[in-house]
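Residue numbers start at 1 and run along the sequence shown.
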Amino acid sequence: VHLQESEGGSVQAGGSLRLSCVASGFTIDTHCMGWFRQAPGKGLEWVSHINGPGAYTYYADSVKGRATISQDNAKNTLYLQMNNLTHEDTGMYYCAADPSRLGATCYGRTHRGDYHDWGQGTQVTVSS
C-alpha cells in the first residue's frame with residue numbers, strides 16, 4: 001500500500017490549490033479516504049474525507065465552503081481542491097486511507113487512528 005501526495009507549493013492568500021494523492025496497492029473505491037494537515041507547532045487536524053464510492057463527503061468547519069474533496073477511481077487518485085486560501089491553511093498536508101466495508105458511509109472518521117495508511121505529506125504555504 002502506498003499513498004503519494006502531489007507537490008504542494010506556495011500560493012498567495014486568496015488563491016487556490018489542488019492537491020492529489022495517487023494510491024497504489026489497493027483501490028480507493030473500497031476505502032475511506034481522508035485529508036489531514038499539520039500547521040507549524042500544532043497538532044494534526046482533520047480536513048476532509050470521502051467514502052469509497054464517493055457519495056459521502058465530510059469537511060472540517062475550518063475549510064467548509066472552500067474545499068472540495070473528490071476522487072477519480074479510474075486513476076485511483078484522491079483530490080483536494082482548496083480555494084480562497086488563508087495563512088491558516090499553511091501546513092503539511094497528508095492523505096490517508098482505511099479499508100471500509102461495502103456501502104460504508106465512513107461517517108465520523110476524523111481522527112488519526114481511524115486511518116491505517118498514510119502518505120508522506122506535502123507542504124502548502126500561503127503567503128499574505
Side-chain angles (χ1 to χ4, degrees):
V1 171
H2 185 69
L3 296 167
Q4 182 65 59
E5 296 95 343
S6 60
E7 188 172 338
S10 296
V11 296
Q12 287 195 323
S16 298
L17 193 67
R18 188 176 81 156
L19 301 177
S20 61
C21 173
V22 179
S24 58
F26 70 99
T27 54
I28 63 173
D29 61 356
T30 60
H31 283 62
C32 300
M33 300 293 298
W35 286 99
F36 287 74
R37 67 186 181 185
Q38 187 165 22
K42 295 188 177 181
L44 193 68
E45 177 191 18
W46 165 73
V47 176
S48 178
H49 71 275
I50 188 169
N51 79 323
Y56 293 87
T57 58
Y58 307 90
Y59 299 92
D61 287 344
S62 58
V63 303
K64 197 171 293 182
R66 301 188 298 118
T68 302
I69 190 171
S70 62
Q71 61 190 49
D72 185 330
N73 292 340
K75 295 182 178 179
N76 219 32
T77 300
L78 177 73
Y79 301 98
L80 181 69
Q81 174 72 40
M82 294 277 291
N83 301 320
N84 195 22
L85 289 160
T86 72
H87 179 69
E88 286 67 39
D89 295 312
T90 294
M92 188 73 76
Y93 283 69
Y94 301 89
C95 69
D98 199 71
S100 65
R101 59 177 173 81
L102 184 67
T105 65
C106 299
Y107 178 79
R109 296 206 185 200
T110 61
H111 301 91
R112 179 197 297 262
D114 294 326
Y115 295 85
H116 184 267
D117 299 293
W118 292 78
Q120 296 282 350
T122 187
Q123 178 67 38
V124 172
T125 302
V126 182
S127 58
S128 52

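Grouping Ile, Leu, Val, Met, Phe, Trp and Tyr residues whose side-chain heavy atoms lie under 4.5 Å apart, directly or via other members, leaves Val22 alone, with no other cluster members.
Remark: His31 engages Phe26 in a ring pair (Phe, Tyr, Trp, His ring centres under 6.0 Å) (not counting sequence neighbours). With sequence neighbours excluded, the residues forming a side chain to side chain contact (heavy atoms under 4.5 Å, CB included) with Gln38 are Leu44, Tyr94, listed by chain and number. Remark: Asn84 pairs with no residue by the side chain to side chain donor-acceptor pair (under 3.5 Å) rule, at least two apart or across chains. With sequence neighbours excluded, no residue satisfies side chain to side chain donor-acceptor pair (under 3.5 Å) with Lys42. Considering only residues two or more places apart in sequence or on other chains, Tyr56 meets the ring pair (Phe, Tyr, Trp, His ring centres under 6.0 Å) condition with none of them. Qualifying side chain to side chain contact (heavy atoms under 4.5 Å, CB included) partners for His2, counting only residues two or more places apart in sequence or in other chains: Gln4, Ser24. In this structure Tyr115 satisfies the ring pair (Phe, Tyr, Trp, His ring centres under 6.0 Å) test together with Phe36, sequence neighbours excluded. In terms of the side chain to side chain donor-acceptor pair (under 3.5 Å) criterion, residue partners of Asn83 (sequence neighbours excluded) are, by chain and number, Ser16, Gln81. When the side chain to side chain donor-acceptor pair (under 3.5 Å) test is applied to Arg112, no partner is found at least two apart in sequence or on another chain.
The disulfide (SG to SG under 2.5 Å) pairs that include a residue from residues 55-103 are Cys21-Cys95, where partners are two or more places apart or lie in different chains.
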Ignoring hydrogens and angles, write down the donor-acceptor pairs under 3.5 Å from the side chains of residues 96-106, residues two or more places apart or on other chains.
{"unit_1": "Asp98", "atom_1": "OD1", "unit_2": "His116", "atom_2": "N", "d": "3.0"}
{"unit_1": "Asp98", "atom_1": "OD2", "unit_2": "Arg109", "atom_2": "NH1", "d": "2.6"}
{"unit_1": "Ser100", "atom_1": "OG", "unit_2": "Thr30", "atom_2": "O", "d": "3.3"}
{"unit_1": "Thr105", "atom_1": "OG1", "unit_2": "Tyr107", "atom_2": "N", "d": "3.3"}

